[in-house]
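For reference, the structure is listed below as structure tokens.
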Amino acid sequence: MNKDNTLRPLVALSRSREGMQFIIHRGARQVGGSCVELNFNDSTILLDIGLPLDSDFSDDPEFYLPQPLFNELKNGKKKIDAAILSHAHLDHYGLAGMLPTGVPVYCGKASAELMAITGQISPEKTQPLELQFFKAWKEFQVGAFSVTPYLMDHSAFDAYGFLISAGGKSLFYTGDFRGHCRKAKLLDHMVQNPPKVNVLWMEGTLVGERTNELTITEQDLENQFASVIKKTPGIVLVTTSSQNIDRLVTIFKATIRTDRKLIIDFYTAEILDRLKPYAKLPLASWAKIRVCYPQLLARRFEKLGLDDILVRHRRNGIKWTRIKEIENNAVMLIRAGFLYDIKRFLGLEGATWIYSLWPGYFERSKPLRNLKSYLEDKGVRYEYMHTSGHAKLEDLKKLVDAMAPEMVIPIHSFHPDKFKDYFPNVRLVNDGEVVNL
Ligand SMILES: [Zn+2]
């Protein structure tokens, strides 16, 4: 009896939730590991469910689950209708495999391809996701929520922001975006035809200490690449992400302009091949491209039973001894793991190494530092050429001005407090804080 009395008000309280509420489980004050819960009446959705950027892959993913959310999902205290993923960067989707079985996970089809290949080569095996695919600008319904995905310009292929409506309120979640690269017109279009929203969760990776990060266009970058390749008498080595498709296109175009051959590894060839249905991208079968087989990478794929990938690109393959012969006519994508083959086969005379990634990776990766010091010792010229995957301040301002939201919530930023210096109606929240709208 006494027990009933104490329980009753609690039950009444949990049912009395009216209107909309949200909780940023992670990402209110950090870049990476984003996860937002949105509730309206009996419907609950999650926007992204990422791994923190500083996560260590040898750790158990359980360690990184945002709490108390996952405990509540596990013990049935909370149920979610779906998780909706903005793009295929691990800091936005990396923990989706830890969701309870049966929870639908919505994403773009090309993002699913990228997540699948990353999953295939990860040592950590998680349960397969119950995927549902959305299409850009095609509204879909999850419980009480109407969701419209907006294709965004970002360093991940197939990245989206979401316009979400329920109970007369509209909210926009930007995911990661920028307005300065090959899909820049997407931001222009949104600024000219802004959805009217009450709440805007806006990424602010470059707000604060990273304000001065390079935000040149991929076209400018292509010109820079072409000019460096032209000036280089030997091989041009390039380190970038094999999943940064815009960058691969930039490198390919600069290679063609300078009349060289582009050498990619079989993993990059596989990614381009899988994305073939979604965009016109350079492919390993093209005459100007050849595929190399770095030994450690190939062994890793064999060990994982991914022989089919190895075999698929053999017909476009090039031997390391042949690469050595054509060094002065080649641009080659390399990663830290290729050092073994580079040492063994390449002369590197008159070579240039272009590093085209966030420079912060040097601090995090010892193999990358080893690669750098080897190339330095060999007298290879070093060039840093990059442009950020994230929006510069000016573009963030454009978006806020156009949408004129009642509330701007910083997310995916290490400096949310700085938002108040640049945007009106900023509401600072903490991870785990319940915000009623
Ligand atoms: Zn991203």
Side-chain angles (χ1 to χ4, degrees), residues 24-36 46-55 57 64 66 83-96 105-119 122 134 136 149-162 172-184 186-187 190 201-208 210 213-215 218 240-250 271 275 278-279 356-361 364 386-392 395-396 399 410-416:
I24 298 183
H25 289 286
R26 186 163 48 213
R29 291 172 185 274
Q30 76 185 75
V31 170
S34 297
C35 183
V36 182
L46 292 183
L47 302 172
D48 283 340
I49 172 145
L51 261 177
L53 274 187
D54 58 0
S55 55
F57 290 98
Y64 296 108
I84 303 174
L85 306 177
S86 63
H87 62 286
H89 277 162
L90 281 166
D91 65 322
H92 290 259
Y93 82 89
L95 292 169
V105 175
Y106 288 78
C107 67
K109 238 179 172 172
S111 295
E113 295 280 0
L114 291 169
M115 293 191 290
I117 190 165
T118 304
S122 308
F134 56 65
Y150 277 59
L151 188 64
M152 305 293 260
D153 182 17
H154 181 43
S155 47
F157 191 75
D158 203 34
Y160 297 89
F162 301 109
F172 196 89
Y173 174 75
T174 64
D176 287 353
F177 79 105
R178 62 186 170 186
H180 56 268
C181 282
R182 295 201 189 274
K183 296 191 183 77
L186 292 171
L187 181 65
M190 189 156 47
W201 292 287
M202 185 171 71
E203 77 119 309
T205 316
L206 300 191
V207 174
R210 284 174 69 178
E213 199 158 289
L214 283 174
T215 49
E218 286 284 341
T240 190
S241 159
S242 295
Q243 294 205 5
N244 185 341
I245 304 302
D246 276 9
R247 192 60 41 82
L248 296 183
V249 170
T250 294
I271 288 171
L275 295 181
Y278 309 100
S356 190
L357 279 171
W358 179 54
Y361 292 128
R364 292 188 189 173
H386 187 47
T387 188
S388 180
H390 300 279
K392 56 190 169 199
D395 287 338
L396 295 173
L399 187 68
I411 190 160
H412 206 270
S413 175
F414 282 117
H415 302 281

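Predicted, not measured: the structure shown is a model, and the values here were computed from it. Indexing begins at 1, ligand by ligand and atom by atom, following the structure's order. Below, each value reflects all heavy atoms present in this structure, side chains not excepted, and no hydrogens, waters or symmetry copies.
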Worksheet item: Can you name the N/O/S atom of His154 that is nearest the Zn ion (ligand 1)?
Response: NE2

Worksheet, complete the sentence: Vertex the Zn ion (ligand 1), ends His89/ND1 and His87/NE2: angle to nearest 10° comes to 100°

Worksheet item: Are the aromatic rings of Phe177 and Tyr150 close, with centres under 6.0 Å apart?
Response: no

Worksheet entry | Any donor-acceptor pair under 3.5 Å from Asp48 side chain to Ser34 backbone | no

Discussion item. Using a distance threshold of 2.8 Å, state whether an N, O or S atom of Asp91 lies below it from the Zn ion (ligand 1).
Written reply: no

Discussion item. Which atom name would you report as the N, O or S atom of Asp176 nearest the Zn ion (ligand 1)?
Written reply: OD2

Worksheet item: Below 6.0 angstrom between ring centroids: does that apply to Phe162 and Phe134?
Response: yes

Worksheet item: Quick one: are His87 and Leu114 in side-chain contact, heavy atoms under 4.5 Å?
Response: no

